Amino acid sequence: MDVYGIIGNPVGHSLSPLMHQAALDALGIPARYAAFRVQNLAAAVQGIRGLNLRGVSVTLPFKTEVMTLLDEVEAGARAIGAVNTIVNDNGRLTGFNTDGTGLIRDLREVMDIEGRRFAVLGAGGAARAAVFGLVQAGGIPVVLNRTAQKGETLAAAFGCDFRPLAEAAGVEADCLINTTPVGMAPGVERSPLPADVLGRFRWVVDIVYTPLRTRLVTEAAAAGCRTRSGLGMFIHQGAEQLRIWTGRTPPVDLMRRVVEARLIEAG
Ligand SMILES: NC(=O)c1ccc[n+]([C@@H]2O[C@H](COP(=O)([O-])OP(=O)(O)OC[C@H]3O[C@@H](n4cnc5c(N)ncnc54)[C@H](OP(=O)(O)O)[C@@H]3O)[C@@H](O)[C@H]2O)c1
């Protein structure tokens with residue numbers, strides 16, 4: 001039986017085991033997907049080889065650090081500067097990043113990307129994946145970030161504009177995408193932007209999905225915006241992982257159903 005898993009710290013909250021196990025079972029692949037809380041990253045990565053884990057998801061705080069421990073990093077993940085997926089080919093480990101693809105697939109379910117302007121809030125790993133994916137898909141991102149230097153560096157890396165977070169009210173964009181963790185449980189009372197600037201965006205997307213309806217999403221809906229949670233991005237980044245690992249077509253609807261049910265159950 002093949003073994004897959006997620007490495008991170010903490011990982012107890014991760015919905016990846018639920019999502020991936022349901023998908024592997026539905027595809028009839030005899031495999032187990034487990035969560036591994038990492039004490040020592042280098043030893044854990046060597047353990048992937050030693051235990052012959054077939055494929056591994058990588059979560060916080062290791063998405064960048066893990067890159068130096070792999071045999072190869074695919075060009076997209078290198079450009080993003082983070083790996084969220086490892087493939088083990090007989091001990092040879094290759095890193096990929098499926099976060100950008102996940103976001104783009106989710107956005108494409110509801111909107112066109114080419115030629116549209118996207119205000120990307122944040123400049124961390126998720127923002128880099130979002131900007132990379134948007135540029136690849138022909139979108140025009142503008143980066144908004146609290147720390148100007150970090151935002152400028154990200155914008156320069158992908159040839160797009162930067163605006164300080166405080167100037168959000170002056171940004172023209174079709175869609176705002178929050179990639180900061182602000183509003184994520186347990187800090188659910190927080191929002192990364194004041195409610196009165198939201199109405200200028202036709203779409204507001206929050207890549208946070210715990211809770212499913214963040215304060216940002218609730219306030220954006222009240223301001224007349226169309227909204228999207230991070231659930232779809234999470235499902236699609238996982239589906240792309242499964243496709244990379246197994247070559248099979250992932251059961252996306254099933255994956256969405258099991259994760260959504262768990263999130264609703266959790267409130
Ligand atoms: N839906 C999905 O599939 C998916 C995938 C990946 C990540 N995520 C979520 O995305 C979020 C960010 O992840 P990450 O890896 O990019 O984190 P990260 O690397 O730590 O980056 C966080 C970014 O948020 C900004 N930020 C943090 N607190 C802020 C505040 N109070 N006000 C304004 N800006 C603030 C930081 O700004 P500074 O530069 O000023 O510090 C930084 O740019 C997490 O909640 C994660 O769960 C979702």
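All values reported here derive from a predicted model rather than from experimental measurement. Both ligands and their constituent atoms are indexed starting at 1 by order of listing.
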Does atom 27 (C) of ligand 1 have a protein non-hydrogen atom under 4.0 Å from it?
yes

Which protein non-hydrogen atom lies closest to atom 43 (O) of ligand 1, naming both residue and atom, and how far is it?
Ala123 N, 2.8 Å

How far is atom 40 (O) of ligand 1 from its nearest protein heavy atom, and which residue and atom name does that atom have?
Thr147 OG1, 2.5 Å

For the CD atom of Glu109 and the CD1 atom of Ile104, what is their distance to the nearest 0.5 Å?
12.0 Å

Only heavy atoms of Ile207, strictly under 4.0 Å: list the atoms of ligand 1 that pass.
1 (N), 2 (C), 7 (C), 8 (N), 9 (C), 10 (O), 48 (C)

Donor-acceptor pair, distance only, cut-off 3.5 Å: does the side chain of Thr64 make one with the backbone of Gly81?
yes

Please confirm whether Ile235 comes under 4.0 Å of ligand 1, counting heavy atoms of the residue only.
no

Any atoms of ligand 1 less than 4.0 Å from a non-hydrogen atom of Tyr209? List them with their elements.
1 (N), 2 (C)

Leu60 to ligand 1: N or O pair under 3.5 Å?
no

Can you tell me how far the CG atom of Asp174 sits from the CD1 atom of Ile113, to the nearest 0.5 Å?
11.5 Å

For ligand 1, which atoms, with element, lie under 4.0 Å from some heavy atom of Thr179?
10 (O), 11 (C), 12 (C)

Value rounded to 0.5 Å, distance of CZ in Phe201 from CD1 in Ile177
11.0 Å

Can you sort out which atoms of ligand 1 are near Val182, meaning under 4.0 Å from one of its heavy atoms?
28 (N), 29 (C), 30 (C), 31 (N), 32 (N)

Are any of the protein's heavy atoms under 4.0 angstrom from atom 17 (O) of ligand 1, yes or no?
no

Give the residue, atom name and distance (to 0.1 Å) of the protein heavy atom nearest atom 44 (C) of ligand 1.
Pro181 CB, 4.0 Å

Could you list the atoms of ligand 1 found under 4.0 angstrom from a heavy atom of Arg190?
31 (N)

Check ligand 1 against Gly125 and write out every atom of the ligand that is under 4.0 Å from a heavy-atom position of the residue.
16 (O), 19 (O)

From Ser14 atom OG to Leu60 atom CG, the distance as rounded to the nearest 0.5 Å
10.5 Å

Is the backbone of Thr94 close enough, under 3.5 Å, to the side chain of Glu72 for a donor and an acceptor to pair up by distance?
no

For Gly122, the ligand 1 atoms whose distance to one of its heavy atoms is below 4.0 Å
43 (O)

Geometric class of the His20/Trp245 ring pair [parallel <30°, tilted 30-60°, perpendicular >60°]
tilted

Are there protein heavy-atom neighbours of atom 20 (O) of ligand 1 below 4.0 Å?
no

Only one of Val205, Val197, Leu193 passes side-chain contact (heavy atoms from CB on, under 4.5 Å) with Leu176; say which it is.
Leu193

CZ-CH2 distance between Arg228 and Trp203, expressed to the nearest 0.5 angstrom
6.0 Å

Run the side-chain contact (heavy atoms from CB on, under 4.5 Å) test on Lys150 and Asn145 for me, step by step, so that the C-alpha distance in whole Å, both residues' side-chain angles and the decisive distance to 0.1 Å come before the verdict.
CA-CA 7 Å; Lys150 232 170 124 185; Asn145 196 47; 3.8 Å; yes

Just to be sure I'm reading this right: ignoring hydrogens, which of Met233, Arg128, Met184 gets closest to atom 2 (C) of ligand 1? Compare them by their nearest heavy atoms.
Met233

Phe234 N/O under 3.5 Å from ligand 1 N/O:
yes

Evaluation steps, side-chain contact (heavy atoms from CB on, under 4.5 Å), between Phe62 and Asn9:
CA-CA 8 Å; Phe62 301 122; Asn9 192 352; 4.0 Å; yes

Identify which of Leu193, Asp206, Thr180 has a heavy atom lying nearest to atom 24 (O) of ligand 1.
Thr180

Which residue owns the protein heavy atom closest to atom 23 (C) of ligand 1, what's the atom, and how far is it?
Gly124 N, 4.1 Å

For atom 13 (O) of ligand 1, which protein heavy atom lies nearest, and how many Å away is it?
Ala126 CB, 3.9 Å

Do Asn84 and Thr98 have a side chain donor and acceptor closer than 3.5 Å?
yes

Backbone or side chain, does any N or O of Arg146 fall under 3.5 Å from an N or O of ligand 1?
yes

With a cut-off of 4.0 Å, which atoms of ligand 1 are near a heavy atom of Asp99?
5 (C), 6 (C)

Going by the closest heavy atom to atom 37 (O) of ligand 1, which one wins out of Asn145, Leu231, Thr64?
Asn145

Quick check: is Leu93 connected to Ile7 through a chain of hydrophobic side chains (ILVMFWY, heavy atoms under 4.5 Å apart)?
yes

Any donor-acceptor pair under 3.5 Å from Thr147 side chain to Gln149 backbone
no

